[in-house]
There are 2 protein chains.
Amino acid sequence: MFAGCSHTASPFRIGGKWTAQIIRCLEAGPRRFSELEIPLRSITPKVLTETLRAMERDALITRTVHAGVPAPVTYELTPLGLTLLAPMAACCAWAAEHLPTLLDARDAHDSVGSPGVDAGVGTHSAQS
Amino acid sequence: MFAGCSHTASPFRIGGKWTAQIIRCLEAGPRRFSELEIPLRSITPKVLTETLRAMERDALITRTVHAGVPAPVTYELTPLGLTLLAPMAACCAWAAEHLPTLLDARDAHDSVGSPGVDAGVGTHSAQS
DNA sequence: CAGAATCCAATACGATACTG
DNA sequence: CAGTATCGTATTGGATTCTG
């Protein structure tokens, strides 16, 4: 069970913090480096490069250098990368339905012992 | 999208390295601390405790101290925890079908530039 | 039995600056 | 444009030892 769960490839830990978002950005077709930086607004080029290289290594995406000066580079999902969309959708649906509950429970648990100004339960106010 | 992706609660990063395995261990019913240590053979009590506490905080499991000396403690999935089984099954199915492909690609990529004794592609031999 | 305490190593993530 | 280089910090996971 969970064969190969060596922490970078566990079913629930596919890659790092950005892998899932990158896959979604590539869902609609090839994107260039700078086109990925925009929607992932807080990512640094270094981390983006690292993540993309790791994904390329795992055959989830392909990296293509096109002709031109300066040479544009595009990233695209491989067939293997496309297969991740289904389980990701399942996880996404779960999050949409249950993540607020989880976060509320977390808030409630955290506020025990430090109620502060008694803001009450439900202080949660999801951040994107 | 991926609301609440603050790195501990992203759909593809539910908890730490062990959260998913613990959920599966609890799938068939309540388990005691020591009953969890066995199947998760390489976990240390410290990390197991940390993970269980985090899951309890997120209302994924309940912790029950029973009467007796020494007092047995059992952990059990909450209704919320049970809802994770479905997306986990999707991820698990993905892994069963595609993880070998991914790992083979990784091996192939890694062996480029350091073919060693030319073991060829497919040196993969999955470790559990 | 079910952990708590302490210490430590690896890694992930990020800020900043620079380049072919 | 699409990175690379360097540095620093925060978080994670683990080994070991001890206890009500």
Side-chain angles (χ1 to χ4, degrees), chain A residues 2 4-10 12-22 25-26 30-58 61-76 106 110 113 127, chain B residues 2 4-10 12-22 25-26 30-58 61-76 106 110 113 127:
Chain A
F2 283 131
C5 271
S6 50
H7 123 117
T8 45
S10 140
F12 259 44
R13 308 202 71 193
I14 302 285
K17 182 177 172 180
W18 303 99
T19 305
Q21 280 103 309
I22 289 175
C25 289
L26 294 177
R31 292 287 179 266
R32 302 174 51 166
F33 191 89
S34 45
E35 291 176 321
L36 290 170
E37 275 182 300
I38 306 306
L40 280 44
R41 243 186 10 249
S42 60
I43 200 171
T44 61
K46 180 208 168 205
V47 174
L48 180 54
T49 301
E50 283 173 359
T51 308
L52 289 170
R53 291 280 144 83
M55 293 172 73
E56 190 192 6
R57 175 177 176 241
D58 287 346
I61 59 173
T62 54
R63 177 176 179 273
T64 310
V65 183
H66 300 271
V69 174
V73 180
T74 59
Y75 296 91
E76 186 171 13
R106 184 182 293 185
D110 288 352
Q127 59 277 56
Chain B
F2 284 133
C5 272
S6 51
H7 120 119
T8 44
S10 142
F12 258 45
R13 307 200 72 193
I14 302 285
K17 183 177 173 181
W18 302 98
T19 305
Q21 280 102 310
I22 289 175
C25 289
L26 294 177
R31 292 287 180 267
R32 301 175 52 167
F33 191 87
S34 46
E35 291 175 321
L36 290 170
E37 274 182 300
I38 307 306
L40 279 46
R41 246 190 2 254
S42 61
I43 200 172
T44 61
K46 179 210 168 205
V47 175
L48 180 55
T49 300
E50 284 172 358
T51 308
L52 289 170
R53 291 282 144 85
M55 294 172 74
E56 189 192 6
R57 175 178 176 241
D58 287 346
I61 60 173
T62 54
R63 177 176 179 271
T64 311
V65 184
H66 300 271
V69 175
V73 179
T74 59
Y75 296 89
E76 186 170 11
R106 184 181 293 185
D110 288 351
Q127 57 279 50

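The chains referred to below are lettered A, B, ... by the order of the sequence lines, with proteins before strands, and numbering in each begins at 1.
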Worksheet item: Roughly how many Å is it from CZ in B:R13 to C1' in D:dG13, rounded to a whole number?
Response: 13 Å
Any protein N or O atoms within reach of nucleotides 1-3 of chain C? Criterion: under 3.5 Å, listing atom names and distances.
from, atom 1, to, atom 2, distance (Å)
C:dC1, O3', B:R32, NH2, 3.1
C:dA2, OP1, B:R32, NE, 3.1
C:dA2, OP1, B:R32, NH2, 3.2
C:dA2, OP1, B:V73, N, 3.2
C:dA2, OP2, B:S34, N, 3.1
C:dA2, OP2, B:S34, OG, 2.7
C:dG3, OP1, B:R53, NH2, 3.0
C:dG3, OP1, B:R63, NE, 3.2
C:dG3, OP1, B:R63, NH2, 2.6
C:dG3, OP2, B:Y75, OH, 2.4

Item to complete: Report the residues that fulfil side-chain hydrogen bond (donor to acceptor under 3.5 Å, both in side chains) with A:T74, sequence neighbours left out, ordered by chain and then residue number.
Response: A:H66
Practice prompt. Check A:P30 against A:E35 and note the closest heavy-atom contact, atom names and distance.
Written response: O-OE1, 4.4 Å
Worksheet item: Taking atom C1' of D:dT11 as reference, at what distance in whole Å does atom NZ of B:K46 sit?
Response: 11 Å
Item to complete: Could you tell me the separation between the CD atom of A:E50 and the C1' atom of C:dT11, rounded to a whole number of Å?
Response: 10 Å
Worksheet item: In chain order, what residues pass the side-chain hydrogen bond (donor to acceptor under 3.5 Å, both in side chains) check against A:R53, with sequence neighbours excluded?
Response: none
Practice prompt. Under the side-chain contact (heavy atoms from CB on, under 4.5 Å) rule, collect the residues that match up with B:E37, sequence neighbours excluded.
Written response: B:F33, B:S34, B:P45, B:L48
Worksheet item: Taking only side-chain nitrogens and oxygens of A:K17, does any of them come within less than 4.0 Å of OP1 or OP2 of C:dG14?
Response: yes
Worksheet item: What residues, two or more places apart in sequence or in another chain, satisfy side-chain hydrogen bond (donor to acceptor under 3.5 Å, both in side chains) together with B:E50?
Response: B:K46
Worksheet item: Between D:dC1 atom P and A:L48 atom CG, what is the distance in whole Å?
Response: 14 Å
Fill in: All side-chain contact (heavy atoms from CB on, under 4.5 Å) counterparts of A:V69, not counting sequence neighbours
none
Item to complete: Please identify each residue that fulfils side-chain contact (heavy atoms from CB on, under 4.5 Å) with A:P39, with sequence neighbours left out.
Response: A:C25
Discussion item. Restricting to side-chain hydrogen bond (donor to acceptor under 3.5 Å, both in side chains), what partner residues turn up for A:R32, sequence neighbours left out?
Written reply: none
Worksheet, complete the sentence: Between CZ of B:R41 and P of D:dG14 the distance, given in whole Å, is 14 Å
Worksheet item: Which angle, to the nearest 10 degrees, lies between the helix axes at the two ends of the helix from C:dC1-D:dG20 to C:dG20-D:dC1, each defined by five pairs?
Response: 50°
